[in-house]
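Here the structure is laid out as structure tokens; the discussion comes afterwards.
Heads up: numbering here begins at 1 and tracks the sequence. Reckoned from all heavy atoms, side chains included, excluding hydrogens, waters and symmetry mates.
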Amino acid sequence: MAGHSQFKNIMHRKGRQDAVRSKMFSKLGREITVAAKMGAPDPAMNPRLRLAIQNAKAQSMPKDNIQRAVNKATGGDSENYDEVRYEGYGPGGVAVIVEALTDNRNRTASNVRAAFTKSGGALGETGSVGFMFSRVGEIIYPPEAGDADTIMEAAIMAGAEDVTSSEDEHNIICAFEDIGEVSTALEEALGEAQSIRAIWKPATSAPVDEDKAESVLKLIATLDDDDDVQNVYANFEVSDEVMAKLSA
């Protein structure tokens, strides 16, 4: 089992739901503000904003919060956020990519470096682990969208590259540059997706035992808890037995 695709489920089950939700809304709002500021404030004219709003809605973010985040970008008094990517190695030689939106690069870099160091890992230079990942589009549908065969057929017709179905979700992967086209075709066939986003997908995986897996999860949780960090990706792989134990 690929651990990088499971850690958030574990964190959300173990965390305080209200606190997790509040932090998630804050990060979704920041992405909406940045997207609106970088392009047009109209989602019909701004693909990045359209995806950010769609994902916010999928996470049940209130409409007022979404509109407030858009308005913040056009109000002239919003903070200036920089997009920063950090790369490094966590416990067990696991490759980790951290995406952040920050108004203070020094603060964010210090926090990220401290998280890596405390876990026994090491923050590297940009590009130090990036070659182990591919930038792709990830489109997620809930189980009730259809059975595995229905989703597979729709994904093939839409031009997707890969589909993985589980009891929790249908995960569809497409080329990064095809996100808009593939997601539109899927929406016509299956309805609105639960999530559409660009991700870093590991090309290789690093198997880890229970101790290392727990350490990696702690590192990811620490990083994810930072207000400036938007996304964390890691290439660790664990057995179903270990993942079940860590999920308990």
Over all atoms of both residues, closest heavy-atom pair of G130 and I97: CA-CD1, 4.2 Å
Reported OG-to-CD distance for the pair S183 and Q54, which is rounded to 0.5 angstrom: 7.0 Å
From CA spacing to verdict: side chain to side chain contact (heavy atoms under 4.5 Å, CB included), N171, D162: CA-CA 8 Å; N171 187 299; D162 190 26; over 6 Å; no
Heavy-atom side-chain proximity of D226 to T222 below 4.5 angstrom: no
Closest heavy-atom pair and its distance - A115, L223: CB-CD2, 3.7 Å
V136 to C174 - nearest heavy-atom pair and separation: CB-O, 3.4 Å
Under-4.0 Å salt bridge between E210 and K245: yes
L219 side chain reached by P91 side chain, heavy atoms, under 4.5 Å: yes
Donor-acceptor contact below 3.5 Å, side chain N235 vs main chain A95: yes
Cationic N near anionic O, under 4.0 Å, E83 to R85: no
E144, CD: over 12 other non-hydrogen atoms inside 6.0 angstrom: yes
Donor-acceptor contact below 3.5 Å, side chain T108 vs main chain R105: no
K27 and N231 side chains, donor-acceptor separation under 3.5 Å: no
T184 side-chain N/O to G180 backbone N/O, donor-acceptor pair under 3.5 Å: yes
Test salt bridge (Lys or Arg N to Asp or Glu O under 4.0 Å) applied to D147 - qualifying residues, sequence neighbours left out: none
Minimal non-hydrogen separation, I32 against A52, with atom names: CG1-CB, 3.8 Å
Any donor-acceptor N or O pair under 3.5 Å, side chains Q59, N55: no
Under 3.5 Å donor-acceptor, N46 side chain and A40 backbone: yes
Any donor-acceptor N/O pair, T150 side chain to G146 backbone, under 3.5 Å: no
Flag, side chain of E237 to backbone of S205, donor-acceptor distance under 3.5 Å: no
Under 3.5 Å: donor-acceptor pair, side chain of T33, backbone of A69: yes
Presence of salt bridge, R30 and D227, under 4.0 angstrom: no
Same apolar cluster: I139 and M157, side chain cutoff 4.5 Å: no
Minimum heavy-atom distance between K72 and Y81, given as atom pair plus value: NZ-OH, 4.4 Å
Flag side-chain contact, heavy atom, 4.5 Å: Y86 against E99: no
Flag side-chain contact, heavy atom, 4.5 Å: Y89 against V96: no
Heavy-atom closest contact (V70 atom, P41 atom, distance): CG1-O, 3.9 Å
Flag, side chain of T102 to backbone of N104, donor-acceptor distance under 3.5 Å: yes
Main-chain N/O of G191 paired to Y141 side chain as donor or acceptor, under 3.5 Å: yes
Interatomic spacing from OG in S60 to CE in M24 - rounded to 0.5 Å: 7.5 Å
H170 side chain reached by M152 side chain, heavy atoms, under 4.5 Å: no
Common cluster, V182/I156, ILVMFWY with side-chain heavy-atom separation under 4.5 Å: yes
Interatomic spacing from OG1 in T126 to CD in E87 - rounded to 0.5 Å: 5.5 Å
Distance, nearest 0.5 Å, that separates CG of L101 from CG of D228: 8.5 Å
Test: R48 and E31 ion pair at under 4.0 Å: yes
Distance in Å, D42 CG paired with L49 CG, rounded so as to fall on 0.5 Å steps: 8.0 Å
Within-4.5 Å side-chain heavy-atom neighbours: I140 and I172: no
More than 12 heavy atoms from other groups under 6.0 Å of CD on E153: no
Linked, directly or transitively: L28 and I196 (ILVMFWY side chains, under 4.5 Å): no
Any donor-acceptor pair under 3.5 Å from S128 side chain to E125 backbone: yes
Hydrophobic cluster identity match, M243 and V216, side-chain contacts under 4.5 Å: yes
Minimum side-chain heavy-atom gap W200-R135 below 4.5 Å: yes
L186 with I53, same ILVMFWY side-chain cluster at under 4.5 Å: no
Any V163 side-chain heavy atom under 4.5 Å of I151 side chain: yes
CG-CG distance between N71 and D64, expressed to the nearest 0.5 angstrom: 10.0 Å
